[in-house]
Amino acid sequence: QVQLVESGGAVVQPGESLRLSCAVSGISADWYAIGWFRQAPGKELEGVACVSSKNGPTNYEDFVKDRFTISRDDAKNTVFLQMSNLSQEDTDAYYCARTTYPMILCSVERPSMFKDWGQGTQVTIYS
């Protein structure tokens with residue numbers, strides 16, 4: 001059974017940093033693109049960043065460029081999202097998911113291409 005489990009969410013102050021983890025089991029995560037998404041209550045799911053299959057190119061939505069970094073540790077079958085200079089606008093539940101098929105150039109603009117969503121981890125920026 002394929003499972004993706006997010007962790008690392010916390011309550012932090014504006015300007016601080018967090019690292020989220022997405023632990024993958026049941027598959028070799030490096031075969032698939034892994035994406036991070038976020039969603040606030042009552043709002044649509046929003047793509048954040050992804051890393052392509054076989055540690056290929058990464059892709060970021062404009063609002064997180066130069067602040068967030070996505071990376072893989074294939075030995076641990078885990079994908080990370082390093083977030084810096086957080087603001088209140090980053091307060092959301094964050095989710096990871098993997099693509100249905102290997103993807104050599106990932107994009108988070110189409111969440112329907114992802115599956116096996118985790119349960120989410122809450123990030124709250126509070127001043």
Side-chain angles (χ1 to χ4, degrees):
Q1 182 181 0
V2 179
Q3 276 194 314
L4 281 74
V5 179
E6 305 93 338
S7 62
V11 179
V12 297
Q13 293 187 332
E16 293 189 337
S17 299
L18 275 178
R19 188 177 79 158
L20 305 183
S21 299
C22 174
V24 182
S25 62
I27 55 171
S28 292
D30 64 326
W31 278 101
Y32 302 90
I34 306 294
W36 282 98
F37 299 81
R38 67 188 193 181
Q39 188 173 31
K43 294 190 177 181
E44 289 189 1
L45 190 68
E46 182 176 47
V48 176
C50 60
V51 56
S52 304
S53 302
K54 293 299 182 183
N55 215 20
T58 57
N59 202 351
Y60 299 89
E61 292 299 285
D62 286 343
F63 61 85
V64 301
K65 281 182 180 177
D66 299 326
R67 295 192 304 127
F68 292 9
T69 302
I70 189 170
S71 62
R72 289 183 182 268
D73 184 337
D74 290 334
K76 296 181 179 179
N77 223 27
T78 300
V79 174
F80 302 100
L81 184 68
Q82 179 68 46
M83 307 187 294
S84 62
N85 195 22
L86 288 164
S87 69
Q88 289 183 324
E89 288 71 28
D90 297 313
T91 294
D92 272 320
Y94 284 72
Y95 301 89
C96 63
R98 60 107 173 181
T99 50
T100 304
Y101 305 105
M103 187 177 289
I104 60 172
L105 184 60
C106 68
S107 169
V108 289
E109 293 185 2
R110 295 172 62 186
S112 61
M113 298 185 71
F114 291 78
K115 61 184 293 184
D116 296 323
W117 295 80
Q119 83 290 346
T121 188
Q122 179 65 37
V123 173
T124 302
I125 290 69
Y126 180 75
S127 60

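Residue numbers count from 1 along this sequence. All values derive from a computational prediction rather than experimental measurement.
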Student: Can you tell if the side chain of Arg98 reaches within under 4.5 Å of the side chain of Lys115, non-hydrogen atoms only?
Tutor: yes
Student: Over all heavy atoms of both residues, which pair between Asn55 and Arg72 is shortest? Give the atoms and the distance, please.
Tutor: OD1-CD, 3.6 Å
Student: So which atom in Cys106 and which in Ala33 form the shortest heavy-atom distance, rounded to 0.1 Å?
Tutor: CB-CB, 3.7 Å
Student: So Glu6 and Tyr94, do their side chains get closer than 4.5 Å, heavy atoms only?
Tutor: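 A side-chain contact under 4.5 Å is absent here.
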Student: Not counting sequence neighbours, list each pair that qualifies as a ring pair (Phe, Tyr, Trp, His ring centres under 6.0 Å) and has a residue in residues 37-58.
Tutor: Phe37-Phe114, Phe37-Trp117
Student: Just wondering, do Val12 and Ile125 contact through their side chains at under 4.5 Å, heavy atoms?
Tutor: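 Counting from C-beta outward, Ile125 and Val12 do come under 4.5 Å.
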Student: Residues two or more places apart in sequence or in another chain: which of them pass salt bridge (charged side-chain N to carboxylate O under 4.0 Å, His left out) with Lys54?
Tutor: Asp30
Student: Taking Leu18 as the starting point, is it possible to reach Ile70 by hopping between hydrophobic residues whose side chains are less than 4.5 Å apart?
Tutor: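 The answer is yes; both residues are in one hydrophobic cluster.
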Student: Return yes when atom CD of Glu44 has more than 12 non-hydrogen atoms of other residues, nucleotides or ligands closer than 6.0 Å, and no otherwise.
Tutor: no
Student: Which distance, rounded to the nearest 0.5 Å, do you find between the OG1 of Thr58 and the NZ of Lys65?
Tutor: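 So the OG1 of Thr58 and the NZ of Lys65 are separated by 9.5 Å.
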Student: Are Leu105 and Tyr32 connected in a single hydrophobic cluster, I mean Ile/Leu/Val/Met/Phe/Trp/Tyr linked by side-chain heavy atoms less than 4.5 Å apart?
Tutor: no
Student: How long is the gap from OG on Ser52 to CG on Asn59, to the nearest 0.5 Å?
Tutor: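 Spacing of OG (Ser52) from CG (Asn59) equals 7.5 Å.
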Student: Answer yes or no: does atom CD of Glu109 have more than 12 heavy-atom neighbours from other residues, nucleotides or ligands under 6.0 Å?
Tutor: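 No, CD of Glu109 has 12 or fewer neighbouring heavy atoms, counting only those of other groups under 6.0 Å.
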Student: Quick one: pull up CZ in Phe68 and CG in Leu86 and give me the separation to the nearest 0.5 Å.
Tutor: 5.5 Å
Student: Would you check if the side chain of Ser53 reaches a backbone N or O of Trp31 as a donor-acceptor pair within less than 3.5 Å?
Tutor: yes
Student: To the nearest 0.5 Å, tell me how far Cys96 SG sits from Gln119 CD.
Tutor: 8.0 Å
Student: State whether Asp90 and Arg67 are salt-bridged, where the test is any N-O pair (Lys NZ or Arg NE/NH1/NH2 against Asp/Glu carboxylate O) under 4.0 Å.
Tutor: yes
Student: Might you point out which heavy atoms bring Cys50 and Gly35 nearest each other, and give the distance in Å?
Tutor: CB-CA, 3.9 Å
Student: In Å and rounded to the nearest 0.5 Å, what is the CG to OG1 distance from Asp92 to Thr121?
Tutor: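 That separation rounds to 12.0 Å.
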Student: I need the minimum non-hydrogen distance between Gln122 and Thr91, along with the two atoms involved.
Tutor: NE2-CG2, 4.0 Å
Student: Following the transitive rule for hydrophobic clusters with a side-chain heavy-atom cut-off under 4.5 Å over Ile, Leu, Val, Met, Phe, Trp and Tyr, establish whether Leu20 and Tyr60 coincide in one cluster.
Tutor: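 Linked within one cluster.
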Student: Under a 3.5 Å distance rule, please check whether Thr69 uses its side chain to pair with a backbone N or O of Gln82 as donor and acceptor.
Tutor: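 No, the answer is negative, given that no donor and acceptor are paired below the 3.5 Å cut-off.
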Student: Membership question, hydrophobic clusters at under 4.5 Å side-chain separation (ILVMFWY): are Phe63 and Val51 in the same one?
Tutor: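 Yes; Phe63 is reachable from Val51 via cluster members.
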Student: Measure from the side-chain N and O atoms of Asn77 to the backbone N and O of Ile27, and report whether any donor-acceptor pair falls under 3.5 Å.
Tutor: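 Yes, because the side chain of Asn77 sits within donor-acceptor range (under 3.5 Å) of the backbone of Ile27.
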Student: How close do Trp36 and Cys22 get, counting heavy atoms only, and between which atoms?
Tutor: CZ2-CB, 3.5 Å
Student: Distance check, rounded to the nearest 0.5 Å: Ser107 atom OG versus Glu61 atom CD?
Tutor: 6.5 Å
Student: Would you call Thr100 and Met113 a side-chain contact if the rule is heavy atoms closer than 4.5 Å?
Tutor: no
Student: I'd like to know if Leu81 and Val64 are part of one continuous hydrophobic network [Ile/Leu/Val/Met/Phe/Trp/Tyr, side-chain heavy atoms within less than 4.5 Å].
Tutor: yes
Student: Looking at Met83 and Val123, what are the two nearest heavy atoms and their distance?
Tutor: CE-CG2, 3.9 Å
